[in-house]
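Everything on this sheet refers to the single structure shown next.
All ligand and atom numbering here is 1-based and tracks the order in the structure. FYI, side chains are in, hydrogens and waters are out, and symmetry mates aren't considered; it's all heavy atoms of this structure. Since the model is a prediction, treat every value here as computed from it, not as a measurement.
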Amino acid sequence: MIILSVESSCDETAVALVEDGRKVLTDQIFSQVDLHAVYGGVVPEIASRSHTEVISILAQRAIAEAGITRDQIDAVAVTYAPGLIGALLVGVNFAKAAAMSLGVPLIPVHHIRGHIAANYLAFPDLEPPFLALAVSGGNSMIVDVRDYTDMKIIGATRDDAAGECFDKTARVLGLGYPGGRPIDELSKTGDDSKYKLPLAHVEDNPYDMSFSGLKTAVINLAHQAQQKGDALDAPSLAASFCKAVSDSLVPRTIAAAKALGKEKVVVAGGVAANSRIRRDFIAACEKEGLRLYFPPLKLCGDNGAMIGAQGYYEYMAGTRGTMDLNAYANMMI
Ligand code: KG4
């Protein structure tokens with residue numbers, strides 16, 4: 001079964017063709033990063049306009065590069081939540097028009113379910129149940145994945161997402177937008193014990209997280225150094241910051257996996273590309289005897305293939321969208 005899949009929830013426009021939820025025939029991505037970098041973050045109106053400009057071109061290119069004909073497309077899957085509402089609507093309306101004109105089913109897909117499903121593309125043998133940590137620019141959550149379409153959030157950030165915290169910290173360090181990758185690079189030459197940064201504990205749910213205190217601590221450190229005229233050791237601050245985020249994410253995820261009796265841990269989303277977090281997860285899972293899955297770097301960030309992977313399992317479970325399908329800025333998984 002070949003699914004044409006569409007992703008436009010934030011600042012990447014992506015159209016992919018995926019076979020049986022596991023094989024990527026093509027994954028066309030247009031990143032808007034350069035359009036937003038000058039503003040230091042995503043400007044929603046610019047994002048929507050750019051999606052509109054490139055989405056049909058990407059779809060045409062996907063079909064040409066996969067070497068298929070339109071009548072071989074069996075369904076159209078699309079991210080319909082969560083994300084920037086105007087950006088999501090571009091993808092949803094494009095997908096509706098494509099499904100109608102091709103005469104095939106429309107499949108709405110939750111963006112975070114898609115991030116988790118990126119792992120199905122990389123690991124053909126991976127099947128639920130497992131515990132997933134989804135960490136991206138807009139979300140940070142620990143998810144009990146009981147089956148392909150049966151999931152429950154067991155912990156989430158109470159305030160900022162981990163990726164948002166990376167981006168704000170990078171801005172303070174003058175590293176540009178998006179900041180996750182430059183901080184990751186800079187941290188490699190730093191001393192992670194140089195700066196003591198706060199770790200938040202959420203009282204009533206041990207699996208919930210909080211990153212706003214960490215963000216404020218980094219901003220205060222940078223401003224105080226500036227006011228006193230002290231030199232900031234940027235690589236060590238980056239390394240201490242990566243350690244603090246990893247210390248928030250890794251032990252919580254491992255504890256949740258053990259509490260729920262899971263044998264597999266799956267990490268997903270843009271922040272899953274972080275080398276410190278990857279290293280700490282490898283060590284922790286080895287110690288606890290858990291099997292660990294990370295998507296390759298190119299499948300960590302937003303892409304269309306992950307929506308095609310989850311779309312296949314949604315289709316199998318009977319999920320269908322109608323022509324009045326709407327987009328939603330927020331939605332539980
Ligand atoms: O999954 P994604 O592409 O978009 C959303 O769905 O939000 O994630 C983007 C986020 C950004 O905040 C970016 O700074 C972060 O992922 N990111 C990283 C790394 N690469 C990207 N964060 C930490 N380390 C990285 N290597």
Side-chain angles (χ1 to χ4, degrees), residues 6-14 27 29-33 36-37 40-42 44 47 51 79-84 87-88 91 109-119 132-141 143 156-157 160-173 175-188 190 192 211 214-215 218 237-250 266-281 294-307 309-310 329-331 333:
V6 178
E7 157 64 39
S8 70
S9 64
C10 190
D11 59 349
E12 263 95 26
T13 324
D27 193 3
I29 304 176
F30 175 77
S31 171
Q32 304 175 1
V33 160
H36 301 291
V42 178
H51 287 310
T79 304
Y80 76 124
L84 299 172
L88 286 165
V109 176
H110 190 285
H111 182 70
I112 300 300
R113 288 186 176 208
H115 269 304
I116 294 169
N119 283 278
L133 171 71
V135 266
S136 66
N139 298 274
S140 298
M141 54 180 78
V143 186
T157 181
D160 296 342
E164 199 177 330
C165 199
F166 266 98
D167 294 336
K168 297 276 159 57
T169 299
R171 191 192 292 186
V172 168
L173 292 175
L175 297 174
Y177 175 86
R181 209 152 121 200
I183 289 191
D184 196 353
E185 284 308 312
L186 189 66
S187 71
K188 288 176 184 165
D192 68 9
F211 292 103
L214 175 60
K215 179 182 77 182
V218 174
L237 183 54
S240 305
F241 172 78
C242 288
K243 177 181 186 306
V245 176
S246 184
D247 287 349
S248 273
L249 298 174
V250 179
V266 166
V267 189
V271 180
N274 185 266
S275 57
R276 173 67 191 245
I277 295 169
R278 288 173 98 95
R279 202 171 69 220
D280 289 351
F281 259 118
F294 269 116
L297 295 187
K298 71 174 169 42
L299 287 173
C300 285
D302 290 348
N303 63 85
M306 67 186 201
I307 302 305
Q310 183 61 26
N330 297 300
M331 182 181 279
I333 201 164

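- Contacts between Asp302 and ligand 1 below 4.0 angstrom, taking non-hydrogen atoms only, involve backbone and side chain alike.
- Of the possible donor and acceptor atoms, none in the side chain of Ser140 sits under 3.5 Å from a partner among the backbone N and O of Thr157.
- Annotation: atom 12 (O) of ligand 1 to nearest protein heavy atom, Asp167 OD2, 2.8 Å.
- Side chains of Ser248 and Phe211 form a contact here, defined as non-hydrogen atoms less than 4.5 Å apart.
- Within the 4.5 Å cutoff, the side chain of Met306 has no heavy atoms near those of the Leu299 side chain.
- Here the side chain of His111 pairs no donor or acceptor atom with the backbone of Ser8 at under 3.5 angstrom.
- Those atoms of ligand 1 that come under 4.0 Å of a heavy atom in His111, given as number and element, are 6 (O).
- Polar contact check, Asp184 against ligand 1: a nitrogen or oxygen pair lies under 3.5 Å apart.
- Every atom of ligand 1 is numbered from 1 in the order shown, and the set under 4.0 Å from a heavy atom of Gly138 is 7 (O).
- Distances between N or O atoms of Gly163 and those of ligand 1 include at least one value under 3.5 Å.
- Nearest to atom 20 (N) of ligand 1 among the protein's heavy atoms is Gly270 O, 3.6 Å.
- Of the polar atoms of Ser275, none of the N or O atoms is found under 3.5 Å from an N or O of ligand 1, judged by distance alone.
- In the model, Gln310 has no side-chain atom that pairs as donor or acceptor with a side-chain atom of His115 under 3.5 Å.
- Distances between N or O atoms of Gly301 and those of ligand 1 include no value under 3.5 Å.
- Near His115, meaning under 4.0 Å from one of its heavy atoms, ligand 1 places the atoms 1 (O), 6 (O).
- Listed by chain and residue number, nothing satisfies the side-chain hydrogen bond (donor to acceptor under 3.5 Å, both in side chains) test with His110 (two or more places apart in sequence, or in another chain).
- Counting the atoms of ligand 1 from 1 in the order shown, those under 4.0 Å from a heavy atom of Gly137 are 5 (C), 7 (O), 8 (O), 9 (C), 10 (C), 12 (O).
- Remark: side-chain polar atoms of Arg113 are paired, donor with acceptor, to backbone N or O of Ile333 under 3.5 angstrom.
- The N/O atoms of Gly180, backbone and side chain alike, include one that comes under 3.5 Å of an N/O atom in ligand 1.
- Close contacts of ligand 1 with Arg181, meaning ligand atoms under 4.0 Å from a residue heavy atom, involve 19 (C), 20 (N), 25 (C), 26 (N).
- Residues Asp11 and Tyr177 meet the side-chain proximity criterion, which asks for heavy atoms closer than 4.5 Å.
- If you look at Asn274 next to ligand 1, the close heavy atoms, those under 4.0 Å, come from the backbone and the side chain alike.
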Identify each donor-acceptor pair in which a side-chain atom of residues 268-276 lies under 3.5 Å from a protein atom, sequence neighbours left out, and give them as a table.
| residue | atom | partner | partner atom | Å |
| --- | --- | --- | --- | --- |
| Asn274 | OD1 | Arg276 | N | 3.1 |
| Asn274 | OD1 | Ile277 | N | 3.0 |
| Ser275 | OG | Asp184 | OD1 | 2.5 |
| Arg276 | NE | Asp280 | OD1 | 3.3 |
| Arg276 | NE | Asp280 | OD2 | 2.9 |
| Arg276 | NH1 | Asp192 | OD2 | 2.6 |

